[in-house]
Amino acid sequence: TTTKTFDSKGGAVVDQAVIEKRDCLAQLACQFARDLSRPTNSSMDTVRLIATHGYCETQVALLEFYNSESLSEESISSHSAINIVDPAIACLRNLFCHTENIRQVMADGHDNHHVIPTILHTMDCFHQDPAIQAYGLDVLGRLGQVDSARREITNTSVTSVSIPSGSAFQPASQVDAMVSVLRAMKEHRSHGGVQERAVVLLWMLIVHDNKHASSLISRLREVHNQQQQEPTTRMNTATKDLTTLLRETAVTPRGIDRLRELVFAIEQYEQGKAPVVKGRLPQQEKENTT
């Protein structure tokens, strides 16, 4: 028996078997791209070469498609989508180990310049999956090594940014980095990879490059207070203020100094003092595990 999916008007669209074959091929392709792009498996020259052949654009377009699928009534199962999105976003994490790949996707006029809204939207669509959250935060942290990327991440919170309407698959959607980062931290408190990468990203935006620190901290506090009112058992931090939440965040010994500086910057803001700027970005590992 052939199972068919239907559009909103009841018209047959495509055999379910075709959809399953498409998703199976997408999963295999993403897993292959993820493994091929691992710096531990390939040289950095190879990682750069992969990006020049359109892998960044392909992975972002695929994320856009499955973000859209996850929101549709006829979507594939969440488990199947995660099995595709997970290696796709991991592949981007690997590719962005090479700084030239970051500059490529952030270049003015580049067709893939909507990578940051797409990553944030992916985190929002699959917020229940800790691995996708950790990969997404890692991608944003790597992109944030470039000034233009940090500005764009900041702008999603300081000025509400929409995903470009010219995107191939994804409908317009509002994204906000502070919303995505804080949700990830609250929903996955026991996941070390999520907590560590979230702290790195917030430190990068607020402490290292503090041109918009006051606006970001203000937005961070606003988002925190809004999320505390959300009726979800996973965000079990209702009795904690923002600084307490951050102080209780578990990070590795290497991340303790950044966490302390982040908390200090927020406390300085609360006292009406400007956070102190830092001159060096954190050293990113070639590959982090989740």
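We count residues from 1, following the sequence as given. These numbers come from a predicted model, not from an experiment.
Within the model, atoms CG of L62 and OH of Y55 stand 12.5 Å from one another, a figure rounded to the nearest 0.5 Å. Summarising the geometry, atom NE2 belonging to H224 is positioned 7.5 Å from atom CG belonging to L182; distances are rounded to the nearest 0.5 Å. Taking CZ from R93 and CG from L95, the interatomic distance works out to 10.0 Å, rounded to the nearest 0.5 Å. I132 contributes atom CD1, which lies 10.0 Å from atom CE of M123 (distance to the nearest 0.5 angstrom). With rounding to the nearest 0.5 angstrom, the CG atom of D129 is 11.5 Å from the OG1 atom of T122. Distance check, rounded to the nearest 0.5 Å: CG of N83 to OH of Y66 gives 11.0 Å.
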*Worked verdict on R151 versus S148 for side-chain contact (heavy atoms from CB on, under 4.5 Å)*: CA-CA 5 Å; R151 289 195 299 271; S148 60; 3.5 Å; yes
*List the steps and the verdict of side chain to side chain donor-acceptor pair (under 3.5 Å) for D124 and S180.*
CA-CA 6 Å; D124 293 344; S180 302; 2.8 Å; yes
*side-chain contact (heavy atoms from CB on, under 4.5 Å) between L143 and E152, intermediate numbers included*: CA-CA 10 Å; L143 289 170; E152 186 172 338; over 6 Å; no
*Would V200 and V251 satisfy side-chain contact (heavy atoms from CB on, under 4.5 Å), going step by step from the backbone distance to the final call?*
CA-CA 10 Å; V200 168; V251 295; over 6 Å; no
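Side-chain contact check for H114 and E64: at least one donor-acceptor pair (N or O, by modelled atom type) lies under 3.5 Å. Counted by atom type alone, N94 and R34 present zero donor-acceptor pairs between their side chains at under 3.5 Å. For the 3.5 Å distance criterion, the side chains of S215 and S218 fail to qualify, holding no donor opposite an acceptor. There is a side-chain donor-acceptor pair under 3.5 Å between E196 and T252. In this model, a donor atom of one side chain and an acceptor atom of the other lie less than 3.5 Å apart for S157 and D176.
Heavy-atom minimum distance, H188 versus Q128: CE1-O, 3.4 Å. Across all non-hydrogen atoms, the minimal contact from R258 to W203 is O-CD1, 3.3 Å. The shortest non-hydrogen separation linking I119 to G136 is CG2-O, 3.7 Å. Shown here for Q133 and H127, the closest heavy-atom pair between the two residues is NE2-CA, 3.2 Å. For S37 against V47, the heavy-atom pair with the smallest separation is O-CG2, 3.5 Å. For A134 against G193, the heavy-atom pair with the smallest separation is CB-C, 4.2 Å.
E100 places none of its side-chain heavy atoms less than 4.5 Å from the side chain of T52. Two residues are said to be in side-chain contact when any heavy atoms from C-beta on lie closer than 4.5 Å; R150 and H208 meet this criterion. Side-chain contact check for E248 versus R189: some heavy-atom pair is nearer than 4.5 Å. Residues Q104 and E57 meet the side-chain proximity criterion, which asks for heavy atoms closer than 4.5 Å. Residues Q59 and I89 fail the side-chain proximity criterion, which asks for heavy atoms closer than 4.5 Å. For the pair V179/R219, a side-chain contact is recorded, criterion being any heavy-atom separation below 4.5 Å from C-beta on. Between M178 and T156, every side-chain heavy-atom pair lies at or beyond the 4.5 Å cut-off. For the pair C56/F96, a side-chain contact is recorded, criterion being any heavy-atom separation below 4.5 Å from C-beta on.
Two different hydrophobic clusters hold L92 and L49 under the rule that ILVMFWY side chains link at heavy-atom gaps under 4.5 Å. When the side chains of ILVMFWY residues are joined at heavy-atom separations under 4.5 Å, either directly or via intervening members, I84 and L28 end up in two distinct hydrophobic clusters. Note on I256 and L245: same hydrophobic cluster, where clusters join Ile, Leu, Val, Met, Phe, Trp and Tyr whose side-chain heavy atoms are under 4.5 Å apart, directly or indirectly.
Salt-bridge annotation for R38 and D35: present, with a side-chain N of the basic residue lying under 4.0 Å from a carboxylate O of the acidic one. Ion pairing of R221 with D241 is absent here, as no side-chain N (NZ or NE/NH1/NH2) approaches a carboxylate O to less than 4.0 Å. Salt-bridge check for R142 with D138: passed, with a basic side-chain N closer than 4.0 Å to an acidic carboxylate O. Classification of E267 and R260 as a salt-bridged pair fails, no side-chain N sitting under 4.0 Å from a carboxylate O.
Results of the side chain to side chain contact (heavy atoms under 4.5 Å, CB included) test with I217 over I206, L205, L242 single out I206 as the only residue that passes.
S42 contributes a side-chain N or O that, together with a main-chain N or O of L36, makes up a donor-acceptor pair within less than 3.5 Å. Checking side-chain atoms of E261 against main-chain N and O of V207 turns up no donor-acceptor pair under 3.5 Å.
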